[in-house]
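Take a look at the structure set out below.
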Amino acid sequence: MTAHKPATAAQRWPGQQLPRHVAMIMDGNGRWAQQRGKLRVFGHQAGVATVREVVRLSRLWGIQSLTLYAFSSENWRRPADEVGLLMELFLKVLQKEVKRLNSNGVRLRIIGDVSRFSDKLQARIRDAETATAGNNGLTLNIAANYGGRWEIAEAARQLAAQVARGELSADQIDEERLGAAMTTAGQPELDLLIRTGGDCRVSNFLLWQLAYAEFYFTPVLWPDFGEAAYAAAIDAFVGRERRFGQTGEQVRGR
Ligand code: IPE
Ligand code: IPE
Ligand code: MG
């Protein structure tokens, strides 16, 4: 029997422009567990395997940046025991996965207000980022205690501080300077947002970066999201006509 060969992006989508930066709202873990009569946290644990799988596929398909929404600034409102278990899971996964990320050339970045996390978790985040900083394969951004409005406010604060120090004048503030103060500065523009779990909303994710992203919503719950579901999202993406304000005729060169 011949071994199953992974289909590269060139084989699957010949001649197509694939997204360079994909973001995912990893939703539906709780429902996935509840459907099985288990506690919600069981779904979060199962979701870790999906994270590994989408990282593998993103590397295989040559995607440059993958941004995953792991914990929103609003998720603190959940029951304390679920929040606590999620924090424990972060600690465990960070520790366990760094080696694998390193050997796969993945650069890990945690985006969000990490100052609200325990000292232990903050230290582990710093260690994981430092350990993978020199890698030049996929950039994996994990959004933790992240909110799109927080990010924009934070960027405004940074620029205001520069103005106060006399390094910048207020009229020099433009989209480029604000963009450079966002957590994903220097990475490709966001091309595709995928949300699993069936809800069609953004939940305060990447508000600045979503300006011209394509949106893809799927009812598949995060722990069930795998190669077929991710490939279906890419199929949808390559079938879209991105016009960036121009007409269809202009974009098609007629
Ligand atoms: C997403 O799954 C994971 C986090 C928000 C941490 P949910 O926990 O929101 O799952 P559902 O939406 O309740 O099914
Ligand atoms: C969004 O999911 C946040 C993450 C996936 C981490 P939620 O399940 O918290 O979103 P809402 O509150 O239902 O919009
Ligand atoms: Mg949810």
Side-chain angles (χ1 to χ4, degrees), residues 21-55 58 65-97 108-118 121-122 124-125 128 140-154 182-184 190 192-210 213-226 229-230 233:
H21 186 167
V22 178
M24 300 185 182
I25 301 178
M26 312 188 283
D27 200 17
N29 293 345
R31 280 164 283 166
W32 184 90
Q34 283 160 343
Q35 283 171 6
R36 285 159 179 76
K38 306 220 174 169
L39 294 173
R40 296 174 52 83
V41 65
F42 185 75
H44 300 316
Q45 283 160 353
V48 176
T50 306
V51 173
R52 274 191 215 108
E53 179 65 352
V54 296
V55 168
S58 298
S65 281
L66 177 66
T67 303
L68 303 178
Y69 207 4
F71 193 87
S72 77
S73 44
E74 288 72 46
N75 285 145
W76 297 105
R77 295 182 183 159
R78 294 194 176 197
D81 56 345
E82 181 171 344
V83 172
L85 285 163
L86 277 167
M87 295 300 143
E88 266 177 46
L89 191 60
F90 284 154
L91 267 170
K92 215 171 74 193
V93 171
L94 270 177
Q95 167 140 316
K96 220 179 121 202
E97 298 296 323
L108 179 71
R109 301 189 59 254
I110 308 298
I111 62 172
D113 183 4
V114 296
S115 68
R116 189 152 170 201
F117 293 139
S118 70
L121 186 49
Q122 287 187 49
R124 203 161 283 175
I125 286 171
L140 175 62
N141 305 298
I142 303 285
N145 192 20
Y146 174 90
R149 289 182 173 178
W150 164 82
E151 179 179 36
I152 292 169
E154 189 60 30
M182 297 295 156
T183 59
T184 55
L190 182 59
L192 174 63
L193 171 76
I194 299 171
R195 182 176 186 139
T196 61
D199 287 312
C200 299
R201 57 177 174 258
V202 161
S203 301
N204 201 11
F205 193 36
L206 300 177
L207 299 179
W208 174 272
Q209 293 86 343
L210 284 169
E214 295 295 326
F215 285 53
Y216 182 84
F217 297 100
T218 169
V220 175
L221 304 175
W222 180 255
D224 291 329
F225 189 78
Y230 191 3

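Read the numbers this way: they start at 1 and go in the same order the structure lists the ligands and their atoms. The first residue in the sequence is number 1, and the count goes up from there. Note that the structure is a prediction, hence the values are computed from the model and not measured.
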Seminar exercise, completed: At under 4.0 Å between heavy atoms, what of Met26 touches ligand 1? The answer is backbone
Exercise. How does Leu221 reach ligand 1, if at all, at less than 4.0 Å between non-hydrogen atoms: by side chain, backbone, both, or neither?
Worked result: neither
Seminar exercise, completed: Looking only at protein heavy atoms, what sits closest to atom 10 (O) of ligand 1 is Gly30 N, 2.9 Å
Exercise. Based purely on interatomic distance, does Asp27 place a nitrogen or oxygen under 3.5 Å from a nitrogen or oxygen of ligand 1?
Worked result: yes
Problem set entry | Check: Trp32 N/O within less than 3.5 Å of ligand 1 N/O | no
Could you tell me whether the side chain of [Y] reaches within less than 4.5 Å of the side chain of [X], counting heavy atoms only?
X	Y	value
Trp150	Thr183	yes
Phe90	Arg124	no
Tyr146	Leu206	yes
Thr67	Gln209	no
Asp113	Glu151	no

For this session: Report, in ascending order of atom number, the atoms of ligand 1 lying under 4.0 Å from any heavy atom of Arg40.
Result: 7 (P), 8 (O), 10 (O), 13 (O)
Exercise. Any idea which atoms of ligand 1 are less than 4.0 Å away from a heavy-atom of Arg31?
Worked result: 11 (P), 12 (O), 14 (O)
Donor-acceptor contact below 3.5 Å, side chain [X] vs main chain [Y]:
X	Y	result
Tyr69	Ser203	yes
Arg52	Val48	no
Gln34	Arg40	no

Problem set entry | Nitrogen or oxygen of Tyr69 less than 3.5 angstrom from that of ligand 2 | no
Problem set entry | Where Asn29 and Pro223 come nearest, the two heavy atoms and their spacing | OD1-CD, 3.3 Å
For this session: Please name the pair of heavy atoms, one in Ile25 and one in Val202, separated by the smallest distance, quoted to 0.1 Å.
Result: CD1-O, 3.6 Å
Problem set entry | Ala70 touching ligand 1 at heavy-atom level, < 4.0 angstrom | yes
Exercise. For ligand 1, is Gly197 a contact, meaning one of its heavy atoms is under 4.0 Å away?
Worked result: no
Should the proximity of [X] to ligand 2, defined as any heavy atom under 4.0 Å, be assigned to the side chain, the backbone, both, or neither?
X	value
Phe71	backbone
Met24	neither
Asn75	side chain

Problem set entry | Non-hydrogen protein atom less than 4.0 angstrom from atom 12 (O) of ligand 2 | no
Exercise. Which atoms of ligand 2 are found less than 4.0 Å from any heavy atom of Arg201?
Worked result: 11 (P), 13 (O), 14 (O)
Problem set entry | Asp27 backbone or side-chain N/O/S under 2.8 Å from the Mg ion (ligand 3) | yes
Seminar exercise, completed: When rounded to the nearest 0.5 Å, the distance separating CZ of Arg195 from CE of Met26 is 11.5 Å
For this session: Just go through Glu74, Glu82, Arg78 and tell me whose heavy atom is the nearest to atom 5 (C) of ligand 1.
Result: Arg78
